[in-house]
Amino acid sequence: MKLKNIIFSRAVCIFFILVLLCLSGCQTSGSKQPISLTTFQLNTVITIAIYDSQDQQLLQECEKLCQKYEQIFSRTSPESELYKLNHGELEDKDGVSHISKELAELIQESLKYAELSQGAFDPTIGPVSSLWDFTSENPQIPGAKELQQKLPLVDYRQVQLNGQEIRFLQPEMQLDLGAIAKGYIADRLKDYLEEQGVTSATINLGGNVLCIGGHTDGKPFSVGIQKPFAQRNEVLLSVDVDDLSVVSSGIYERYFESNGTLYHHILNPKTGMPYNNGLTSVSILSSTSVEGDGLSTACFALGLKDGIALLDSLEGVCGVFVDEDGELHYSEGFPISE
């Protein structure tokens, strides 16, 4: 099977696990069937299900919002705002770039999680991540010389953000916001739906799941967390969710194998190579999806001990870590099923 098909099938697998659990919960609880939209955007399968409205226009507007944000946050589309920022097309003569409110907000969030993780998560990984192509039919490992040339450009502390003005302190720096953008977008979709009076819905952006309330009868949604590298739609565990986000980051999402070694997309900013810390996935429960997105990557990057310590130091978040042996490790407050 070609690599891009593997990635797509895993996205579909995550999608169906989460949607089927939510729908089965709907049927058993006596709620009405939702209206839903399923499409391929943001380089993944997305679905939005609304339980307390039959207004299809709401779904259409959500799709338009996804398209809007992709045109802002895409690292690879020459038409996107982030692409233009990374390639100096927005700079004035003083080296300052003036950016949209949305891009500024997302960059601010990414810098926050870089600071929390002390650089284990770093949004300036762009020059290095661009050397890796996990969607190629013939992916290649970057050469050591290439990596060494780009690594000095990776340092979130060299980004100055003041409102909607940004400056890179080193020439040729680039941002890669892919680890956190879907969370931000999910939160904006939730804002829109709530403004329209929706009180019961699920937003699933390729495994980033954000719930608006619970089922219409008051029962929570049941969200499944995928078993890493599962060949079928296998759920590692499920959690009851009411007005919360569930986000997972793992090495099974985008990867390839070469000479018996697995190379995945969560890169170490210090080496430019994938993290090798004994973890296969981290899943976060939080009130906002951007928080879950940032913390799932940051905690994975920190490793089991430091990742759990970070979660335990924060209010209103918890998580489960899966190691290479399939053992589960929980932070404080994670709702473990009896």
Go through it in stages, so that I can follow the logic: the residues are Leu304 and Asp323, the test is side-chain contact (heavy atoms from CB on, under 4.5 Å), and I'd like the CA-CA distance, side-chain angles, deciding distance and then a yes or no.
CA-CA 8 Å; Leu304 180 59; Asp323 66 24; 5.6 Å; no
Full working for side-chain contact (heavy atoms from CB on, under 4.5 Å) between Leu295 and Leu310: CA-CA 9 Å; Leu295 285 174; Leu310 174 58; 4.1 Å; yes
Taking atom [atom1] of [X] and atom [atom2] of [Y], what is their separation to the nearest 0.5 Å?
{"X": "Leu103", "Y": "Tyr184", "atom1": "CG", "atom2": "OH", "result": "9.0 Å"}
{"X": "Lys150", "Y": "Glu146", "atom1": "NZ", "atom2": "CD", "result": "8.5 Å"}
{"X": "Glu63", "Y": "Thr38", "atom1": "CD", "atom2": "OG1", "result": "10.5 Å"}
{"X": "Ile212", "Y": "Ile48", "atom1": "CD1", "atom2": "CD1", "result": "9.0 Å"}
{"X": "Glu195", "Y": "Lys190", "atom1": "CD", "atom2": "NZ", "result": "12.5 Å"}
{"X": "Cys211", "Y": "Asp242", "atom1": "SG", "atom2": "CG", "result": "8.0 Å"}

- Please determine if Arg188 forms a cation-pi arrangement with Tyr192, meaning its NZ or CZ atom is less than 6.0 Å from the six-membered ring centre and no more than 45° off the ring axis. no
Between Thr199 and Asp52, a side-chain donor and acceptor under 3.5 Å:
yes
Checklist entry - Does the side chain of Gln140 pick up a donor-acceptor pair with the side chain of Asn138 at under 3.5 Å? => result yes
_Test: Lys112 and Glu115 ion pair at under 4.0 Å_ = no
Just so I know, are the side chains of [X] and [Y] near enough to count as touching, which here means a heavy-atom distance under 4.5 Å?
{"X": "Val320", "Y": "Leu236", "result": "no"}
{"X": "Val159", "Y": "Ile166", "result": "yes"}
{"X": "Pro123", "Y": "Leu111", "result": "yes"}
{"X": "Leu153", "Y": "Gln174", "result": "no"}
{"X": "Arg167", "Y": "Val96", "result": "yes"}
{"X": "Ile185", "Y": "Glu70", "result": "no"}
{"X": "Lys84", "Y": "Ile99", "result": "no"}

Counting N and O atoms only, with roles assigned by atom type, does the side chain of [X] sit under 3.5 Å from a partner on the main chain of [Y], one being a donor and the other an acceptor?
{"X": "Tyr156", "Y": "Tyr113", "value": "no"}
{"X": "His265", "Y": "Ser129", "value": "no"}
{"X": "Ser130", "Y": "Pro127", "value": "yes"}
{"X": "Arg75", "Y": "Asn86", "value": "no"}
{"X": "Asp55", "Y": "Gln57", "value": "yes"}
{"X": "Trp132", "Y": "His264", "value": "no"}
{"X": "Asn277", "Y": "Phe300", "value": "yes"}

> Any chance CG of Asp240 has more than 12 other-residue heavy atoms, nucleotides or ligands included, within less than 6.0 Å?
Replying inline: yes
Practice task
Inspect the surroundings of CD in Glu165 and state if more than 12 heavy atoms from other residues, nucleotides or ligands are less than 6.0 Å away.
Solution key: yes
Sorted by chain and number, sequence neighbours left out, salt bridge (Lys or Arg N to Asp or Glu O under 4.0 Å) with Lys68 holds for Glu102
Nearest atoms (heavy-atom pairs only) where [X] meets [Y]:
{"X": "Ala186", "Y": "Leu210", "value": "O-CD2, 3.4 Å"}
{"X": "Leu131", "Y": "Pro142", "value": "O-CG, 3.6 Å"}
{"X": "His98", "Y": "Asp92", "value": "NE2-OD2, 3.4 Å"}
{"X": "Lys101", "Y": "Gln164", "value": "N-NE2, 3.4 Å"}
{"X": "Gln33", "Y": "Gln54", "value": "O-NE2, 3.8 Å"}
{"X": "Leu279", "Y": "Cys299", "value": "CD1-O, 4.5 Å"}

When you look at Ile180 and Leu106, which way does the side-chain contact (heavy atoms from CB on, under 4.5 Å) test go after all the steps? CA-CA 8 Å; Ile180 198 170; Leu106 184 57; 3.6 Å; yes
Residue pairs passing the side-chain hydrogen bond (donor to acceptor under 3.5 Å, both in side chains) test with at least one member in residues 280-306, sequence neighbours excluded, are Asn208-Asp293, Ser248-Ser283, Ser249-Ser296, Ser249-Thr297
* Using 30° and 60° as the class limits, which term best fits the ring planes of Tyr330 and Phe334: parallel, tilted or perpendicular? -> tilted
Derivation of the side-chain contact (heavy atoms from CB on, under 4.5 Å) call for Ile35 and Leu58: CA-CA 10 Å; Ile35 59 170; Leu58 296 174; 5.6 Å; no
Residue set satisfying ring-ring contact (aromatic ring centres under 6.0 Å, His included) with Phe168, at least two apart, ordered chain then number -> none
Taken in chain and number order and not counting sequence neighbours, the residues that satisfy ring-ring contact (aromatic ring centres under 6.0 Å, His included) with Tyr83 are His87
Any link between [X] and [Y] through a network of hydrophobic side chains (Ile, Leu, Val, Met, Phe, Trp, Tyr) touching at under 4.5 Å?
{"X": "Val247", "Y": "Leu244", "value": "no"}
{"X": "Phe121", "Y": "Leu161", "value": "yes"}
{"X": "Val282", "Y": "Leu314", "value": "yes"}
{"X": "Val241", "Y": "Leu328", "value": "yes"}

- Task: Evaluate the salt bridge (charged side-chain N to carboxylate O under 4.0 Å, His left out) criterion for residues Lys64 and Glu61: first the C-alpha distance (whole Å), next the side-chain angles of each, then the deciding distance (0.1 Å), finally the verdict.
- Result: CA-CA 5 Å; Lys64 290 178 183 177; Glu61 290 300 320; 3.5 Å; yes
Across all chains, not counting sequence neighbours, the side chain to side chain donor-acceptor pair (under 3.5 Å) partners of Thr124 are Asp122
Contacts of Ser100 meeting side chain to side chain donor-acceptor pair (under 3.5 Å) (sequence neighbours excluded), chain-then-number -> Glu81
